[in-house]
Amino acid sequence: MNSTQLEQNFESKLAKNETIEPKDWMPDNYRKHLIRQVSQHAHSEVVGMLPEGNWITRAPSLRRKMVLLAKVQDEGGHGLYLYSAAETLGITRNELIDQLLTGKAKYSSIFNYPTLTWADIGAIGWLVDGAAIMNQVMLQRTSYGPYARAMVRICKEESFHQRQGYEIMCVLAKGTTEQKAMAQDALNRWWWPSLMMFGPTDDKSPNTANAIKWKIKRESNDELRQKFVNQTQPQAELIGLHVPDKDLKWNEAKKGFDFGTPDWDEFYQVIAGNGPCNKARLTARQKAHDNGAWVREAAASYAKKHMSTVAA
Ligand code: 3HC
């Protein structure tokens, strides 16, 4: 097939909602776009283990500790599926990790905020995993097959994460005055950064047009942010917490909430590496990478030995 036919074939698959698979021809920019998004997503899962991992030793009961441990392990697993999906696009794991550690690749802004109290673990599950699912449900139908398939399991697990976070918030909100205040304080600090997770407004989102054209994203940043606010405000109200937004109010005409504007200067500072915890997160990842060198060497040496046994 010549290049025009290859391109037509690609477009026709997209039009029929068929997935693009690793061995299929794809435009270079589609491949690059996916490597950027999938690897950024993988990095987010792995860096996202840090703020919560920090609370495993301080969880208030054995049950809470087990649930949090399981959740943090899930995030590690999500990172691994997603790195594998990215590798099918022709980039190596080493290159991907290198991009993270040298600051060339982004990861979600949300993980550059500190977890100050136990209620933050509730707020992260409820809001951060809630925002992640809102974004990721559509990614189960993304056009690149390995990414779409990885997202099916990830979404099931994220749904459990969201529930465990909301349950923590429900318990705290029904608890003592101090516990309720702690839950409200966590909501106050995590609300706006959670809205920023969806990315800049559509008119300032350089990647959305191609993402929608190629069916990588099925909904825009603003559409998903609106859905998240519509879903989350009633959940807050139900447990007696208040979303910290004076402009939040129901708009009957659009059947959704109007809401205030996140601090976009803060968002751009955070994604440029200047958030409260960016340096700490990358230092922790670098340390984990260095400490894991012997594991990678042992695995490579075992694989070499196994290959030579098979060959003999
Ligand atoms: N944090 C960091 N960077 C962000 C960002 C965020 N919240 N939102 C946008 N950006 C970056 C983009 O990567 C892009 O930079 P680049 O061109 O240098 O890569 C720039 O800001 C402009 O944004 P666009 O809207 O044009 O970019 P996208 O169309 O890629 O949209 C996105 C951004 C919505 C995050 C999209 O990439 C996406 O859906 N990614 C997959 C989902 C994902 O990565 N989720 C991470 C959430 S955390 C998570 O899943 C872990 C879970 O356990 C909670």
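Here the structure is a predicted model, which means the values were calculated and not measured. Note that ligands are numbered from 1 as they come in the structure, with each ligand's atoms numbered from 1 the same way.
- Near N135, the atoms of ligand 1 lying under 4.0 angstrom from a non-hydrogen atom of the residue are 34 (C), 39 (O), 42 (C).
- Given atom 18 (O) of ligand 1, the protein heavy atom at minimum distance is K106 NZ, 2.5 Å.
- With a 4.5 Å cut-off on side-chain heavy atoms, L82 and I154 count as touching.
- At a 4.0 Å heavy-atom cut-off, ligand 1 does not touch Y268 at all.
- Contacts between L224 and ligand 1, counted as non-hydrogen atom pairs separated by less than 4.0 Å, are absent for every part of the residue.
- The nearest heavy-atom contact from the protein to atom 35 (C) of ligand 1 is Q40 NE2, 4.0 Å.
- In the vicinity of Q136, heavy-atom distances shorter than 4.0 Å reach the ligand 1 atoms 45 (N), 49 (C), 50 (O).
- For ligand 1, the atoms sitting less than 4.0 Å from at least one non-hydrogen atom of I271 are 1 (N), 2 (C), 3 (N), 21 (O), numbered in the order shown with element in parentheses.
- The residue V270 has no part lying near ligand 1, judged by heavy-atom distances below 4.0 Å.
- With a 4.0 Å heavy-atom cut-off, ligand 1 is reached by the side chain of E75 but not by its N, CA, C or O.
- Closest to atom 12 (C) of ligand 1, if we only count protein heavy atoms, is R36 NH1, 4.0 Å.
- For atom 46 (C) of ligand 1, the nearest protein heavy atom is under 4.0 Å away.
- Remark: E157 CD to D74 CG distance equals 4.0 Å, nearest 0.5 Å.
- Close approach to S205 involves these atoms of ligand 1, each under 4.0 Å from a residue heavy atom: 24 (P), 25 (O), 26 (O).
- The residues D222 and R225 are annotated as salt-bridged, a charged nitrogen and a carboxylate oxygen being separated by less than 4.0 angstrom.
- Contacts of A132 with ligand 1, taken as heavy-atom pairs under 4.0 Å, involve the side chain alone.
- When heavy-atom distances to ligand 1 are checked against a 4.0 Å cut-off, K217 comes that close only through its side chain, counted from C-beta outward.
- The proximity of F198 to ligand 1, defined as any non-hydrogen pair under 4.0 Å, is limited to the backbone.
- By the criterion of a heavy-atom distance under 4.0 Å, the backbone of Y107, and not its side chain, is placed next to ligand 1.
- Regarding atom 10 (N) of ligand 1, its nearest protein heavy-atom neighbour is F267 CZ, 4.1 Å.
- Of all the atoms in ligand 1, the ones that sit under 4.0 Å from a non-hydrogen atom of Q37 are 37 (O), 38 (C), 39 (O), 40 (N), 41 (C).
- Listed by number with element, the atoms of ligand 1 under 4.0 Å from a non-hydrogen atom of G199 are 8 (N), 9 (C).
- Contact annotation: P206 has at least one heavy atom less than 4.0 Å from an atom of ligand 1.
- Using a 4.0 Å heavy-atom cutoff, E158 is listed among the residues neighbouring ligand 1.
- Taking distance alone, with nitrogen or oxygen atoms compared against 3.5 Å, K204 stays at or beyond that limit from ligand 1.
- Comparing A105, P200, S194 by heavy-atom distance to atom 9 (C) of ligand 1, the nearest is P200.
- With ligand atoms numbered from 1 in the order given, ligand 1 contributes 46 (C), 48 (S) to contacts under 4.0 Å with heavy atoms of S44.
- Heavy-atom proximity to D129, at under 4.0 Å, picks out these atoms of ligand 1: 53 (O), 54 (C).
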